[in-house]
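Structure record follows, encoded as structure tokens.
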Amino acid sequence: MQNLVQIILTLFTTLSLLFTNVLTNPEIMNSKFTYLQYPDEAIVTLEEAGLTEQELVGRASAELPEYVQSGGYDDINGVLISPYYTVKVDGTEIPVYASVVFIRVDDTGTLHSFSEIYVDTSTDFSLNIEITGADEKLNNAIVLPEKSGVTANCKNNTVTASINKTGNYTFLFNDANQYYGYTLMVREKVDEDKEIAEYIEKYGEDNVWVLDKGVYQYDYVNLVGHKNLVIYLREGAYVIANHLFDITCAEDENKYIEPTAPGDNAFGLTRYPFINFYNCDNVTLAGRGVIDMTRLDRRERRGVVFTNCTNVNVRDVKIINSPEWSFISYCCTDVKINDVDIIGNRGNCDGFAICNSHNVTVNNCFARVADDTFEVKALGGTMDSNNVTFTNCIAWGGYARCFGITGEVNKKISDITFRDCAVIYRDGVWDNDRIGSLVVVAEQTEGSIDGVLFENIEIFRDEGRPILVKIYDEEAENFEIKNIVFKNISYTSYMESKIDGNKNRSNTVQVELDGITVEGKLQKYPKTKFKIGRYCDVTVK
């Protein structure tokens, strides 16, 4: 009899543990998908942080002094629980996170909400999405980019949609109000244990550094001369940059120096980037963790920086609120960037800055920042910029430019492609001869530009110029911008596009327009929708 009681108790305990595991493990609960979940010790609600929504987003207000608006804070991390929405996928509630972003048209801040789920792509799938508003009542919704073909229905404050492909899906509500955007990132499910084991087998255990789910704090991470190195941030790894230097004014920017930093980068930086790769070969930064630089002051450090590196692979990570230039590739060769997301509200927190690099691909990335989002530059140094391709990338520009050549052309820039990309919003109009959604703008003109293709790109809404080609340097002579093609571009904007040289006839500005759709109408004579300036050769197909 005693044995029977023990058997029953053991069976009951086993069933209880199994039931608990089912309730707490999203992979068991729903075999069709799993979801991103950050550690509880890193993520709080506004109430738990003792902040109101207005107190938090007000930190991004342009009414504040520059170094206060873009300063760091440590009472709440850069990712929090979104106060705006609850979301269900096939009936299972998933976490909804948010980060502060900047809206230029009103010079203020708001929260961008997001979730991430992982699906098995070896078979067809279809997921039903339900988004319910909290305080903000949802009256209607659209899903962008439009090429996704996803439609949304709204009833009783709940928006529903069906998704059957991986990608980034941004929902806008209440007549496309950009204050309350929500992005669902649908990614391929990965067996992290298997992937890590494969890296270890290939490179050895000492060369595979794994951060498990949890919170990690570093002053900076400096990696010089490494070969065959993998840094793997497991899903839920939360990496925080420690604040060390108070930058409260322009004079402070050069006051603090880390003595060994200049010798450990090719960028001329006197303080380390938060994650610094220099003179490395065959290095990987991967995994579904987050890199959060919210505590850093304006320009205290740059974000994730690769200089003089070859065979670089970056994928899946999120970069939050860098104080200056979130991701940089400088004088690098053979760089692959996939499924990386960047969100930030501070001035100069550019998204992806590809500088003086060769053979670079940036694919399926999302950026919503308060500066340029996806850009190619050619700074000083020995290398030019060549063979850089952006595909399936989504930009939401809260201050400057979305895709293109952005300013520094001190070396030759050639063979650059932006294809199958989309702009959600772009609302900066502070200088309409410098900024736009799709741009080739030369502010520094020691080099040249030859071969830039913008193809199959949709711009949902631009407050200024959707397309801008411009020699901004009025003193430039014998400068070439040639073989620039805009093909199958659609947009809605409040200003006309512009193509312009400068006062000097010795320069070349040569542009081809092919299939430009404005406000839903294919333009047979796009010149009527373009402001054509000085000494330009524009071909219309």
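Heads up: numbering here begins at 1 and tracks the sequence.
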So, the side chain of N432 versus the backbone of I435: is there a donor-acceptor pair under 3.5 Å, distance only? no

Parallel, tilted or perpendicular: which one describes the rings of F390 and F418, with boundaries at 30° and 60°? parallel

Does the side chain of T158 come under 3.5 Å of the side chain of T132 through a donor N or O and an acceptor N or O? yes

Would you sort out whether Y232 and T284 count as a side chain to side chain donor-acceptor pair (under 3.5 Å), showing the intermediate values? CA-CA 8 Å; Y232 197 101; T284 297; over 6 Å; no

Check whether D372 reaches the backbone of R401 with its side chain - one donor and one acceptor, N or O, closer than 3.5 Å. yes

For atom CD of E48, is the number of surrounding heavy atoms from other residues, nucleotides or ligands below 6.0 Å larger than 12? yes

Would you find a donor on one side and an acceptor on the other, under 3.5 Å apart, between the side chain of N174 and the backbone of K137? yes

Any donor-acceptor pair under 3.5 Å linking the side chain of E375 with the backbone of T406? no

Report yes if the side chains of F403 and R426 come closer than 4.5 Å at any heavy-atom pair, otherwise no. no

Just say parallel, tilted or perpendicular for the rings of Y218 and Y216, cut-offs at 30° and 60°. parallel

Least distance between heavy atoms, V143 atom then A152 atom: CG2-CB, 3.8 Å

Polar side chain donor-acceptor pair, Y179 to D106, under 3.5 angstrom: yes

dist S493:OG -> E519:CD (nearest 0.5 Å) comes out at 6.5 Å

Check the pair T34, K189 against side chain to side chain contact (heavy atoms under 4.5 Å, CB included), reporting the backbone distance first and the verdict last. CA-CA 8 Å; T34 59; K189 187 184 296 184; 4.2 Å; yes

Is there a side-chain contact between F374 and C365, using heavy atoms and a 4.5 Å cut-off? yes

Tell me whether R271 is salt-bridged to E324, with the criterion being a basic N under 4.0 Å from an acidic carboxylate O. no

Passes side chain to side chain contact (heavy atoms under 4.5 Å, CB included), R368 versus Q178? Steps please. CA-CA 12 Å; R368 184 176 185 182; Q178 68 165 322; 4.0 Å; yes

For residues N242 and L296, report the shortest heavy-atom separation together with the two atoms involved. O-CD2, 3.1 Å

Once rounded to the nearest 0.5 Å, what's the spacing between atom CZ of R299 and atom CD of E253? 4.5 Å

Between E300 and R346, does any side-chain N to carboxylate O distance fall below 4.0 Å? no

Result of checking T166, D316, N168 against R187 for side-chain hydrogen bond (donor to acceptor under 3.5 Å, both in side chains): N168

E63 atom CD, over 12 foreign heavy atoms within 6.0 Å: no

Would you confirm whether the ring centroid of F173 sits within less than 6.0 angstrom of the ring centroid of Y85? yes

Kindly say whether the aromatic ring centers of Y238 and Y38 come within a distance under 6.0 Å. yes

Does this structure show an ion pair linking K470 with D431, if we count only N-O contacts that are shorter than 4.0 Å? no

Can you tell if the side chain of V469 reaches within under 4.5 Å of the side chain of F486, non-hydrogen atoms only? yes

Side-chain contact test, heavy atoms from C-beta onward, threshold under 4.5 Å: evaluate it for Y118 versus L36 and give yes or no. yes

Close side-chain approach of Y182 and V87, heavy atoms under 4.5 Å: yes

Under 6.0 Å between ring centres: does that hold for Y399 and W430? yes

Donor-acceptor pair, N345 side chain versus G109 backbone, under 3.5 Å? no

Any side-chain heavy-atom pair of T92 and F33 under 4.5 Å: yes

At what distance, to the nearest 0.5 angstrom, does OH of Y169 lie from CD1 of I394? 10.0 Å

Going by ring pair (Phe, Tyr, Trp, His ring centres under 6.0 Å), F306 matches just one of Y330, Y278, F277. Which one? F277

Answer yes when R234 and D212 have at least one side-chain N-carboxylate O distance shorter than 4.0 Å, and no when they do not. yes

Are the side chains of I240 and R295 in touch, meaning some heavy atoms are under 4.5 Å apart? yes

Spatial distance of atom OG (S113) from atom CG (L184) [nearest 0.5 Å]: 12.0 Å

Distance alone, cut at 3.5 Å: any donor-acceptor contact between the side chains of N321 and D292? no

Nearest heavy-atom neighbours spanning C355 and W325: SG-CZ3, 4.1 Å

Verdict with reasoning, V221 to Y272, per side chain to side chain contact (heavy atoms under 4.5 Å, CB included): CA-CA 8 Å; V221 179; Y272 285 100; over 6 Å; no

For atom NZ of K88, is the number of surrounding heavy atoms from other residues, nucleotides or ligands below 6.0 Å larger than 12? no

Any donor-acceptor pair under 3.5 Å linking the side chain of S61 with the backbone of R59? no

V96 and T86: side chain to side chain contact (heavy atoms under 4.5 Å, CB included), yes or no, with the steps? CA-CA 7 Å; V96 184; T86 57; 5.7 Å; no

With distance as the sole criterion, is a donor-acceptor pair present between the side chains of N77 and T294 under 3.5 Å? no

Does a salt bridge link R288 with D339, judged by any charged N lying under 4.0 Å from a carboxylate O? no

Between the main-chain N or O of E235 and the side-chain N or O of E192, is there a donor-acceptor pair closer than 3.5 Å? yes

To the closest 0.5 Å, what do you measure between SG (C154) and CZ (F171)? 11.5 Å

Has N276 got a side-chain atom pairing as donor or acceptor with L223's backbone, closer than 3.5 angstrom? no

Test item: side-chain donor near acceptor, N392 and D420, under 3.5 Å: no

Does T517 use its side chain to pair, donor to acceptor, with the backbone of S490 at less than 3.5 Å? no

With the threshold set at 4.0 Å, does a side-chain nitrogen-carboxylate oxygen contact exist between E463 and R104? no

Determine the minimum heavy-atom distance between A161 and V150, stating which atoms define it. CB-CG1, 3.9 Å

S329 and S357: which non-hydrogen atoms are nearest, and at how many Å? OG-OG, 2.9 Å

Nearest 0.5 Å please: distance from the CG atom of L468 over to the NZ atom of K498. 7.5 Å

Would the distance check show the side chain of R301 and the main-chain N or O of F274 forming a donor-acceptor pair, the cut-off being under 3.5 Å? no

Would you check if I337 and I354 make a side-chain contact, meaning some heavy-atom pair closer than 4.5 Å? yes

Do E496 and K531 meet the salt-bridge criterion of a basic N to acidic O distance under 4.0 Å? no

Establish, yes or no, whether the cationic atom of R434 lies under 6.0 Å from the six-membered ring centre of Y472 and within 45° of the ring axis. yes

Is it the case that atom NZ in K147 sees more than 12 heavy atoms from other parts of the structure closer than 6.0 Å? yes

Residue pair S322 / R302: nearest heavy atoms and the distance that separates them: OG-C, 4.2 Å

